[in-house]
Amino acid sequence: MSEQPAPADHARQQLEPAAADAVRAYAAQTRENADRLAAVLEDIAANGLPSAEDCTPWEDLREAHLTRLAAQRPAVA
């Protein structure tokens, strides 16, 4: 992304400091996730796909993720 200022005819609205910090934190998390994905893909390219016995079935991953989401959600009476 460019660090150049915006043209004068299109002024940009500045974020509040807390909002800017939140955007930076989101960018850092996104960059970390992308780096992790890139590392996995590089490993697959270098070593091939793992055997099926070494993998977790997607259904198990889905259920674990749904359990995590349910735990984050407030309970409804």
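Leu61 is not connected to Leu66 by any chain of hydrophobic side-chain contacts under 4.5 Å among Ile, Leu, Val, Met, Phe, Trp and Tyr, and they are in different clusters.
With sequence neighbours left out, Asp60 forms a side chain to side chain donor-acceptor pair (under 3.5 Å) with no residue at all. When the side chain to side chain donor-acceptor pair (under 3.5 Å) test is applied to Glu16, no partner is found at least two apart in sequence or on another chain. Residues meeting the side chain to side chain donor-acceptor pair (under 3.5 Å) test with Glu32, sequence neighbours left out: Arg36.
Arg68 and His65 share a side-chain donor-acceptor pair at under 3.5 Å.
Taking CG from Asn47 and CD from Glu42, the interatomic distance works out to 11.0 Å, rounded to the nearest 0.5 Å. Atom CZ of residue Arg31 and atom OH of residue Tyr26 lie 12.0 Å apart, to the nearest 0.5 angstrom.
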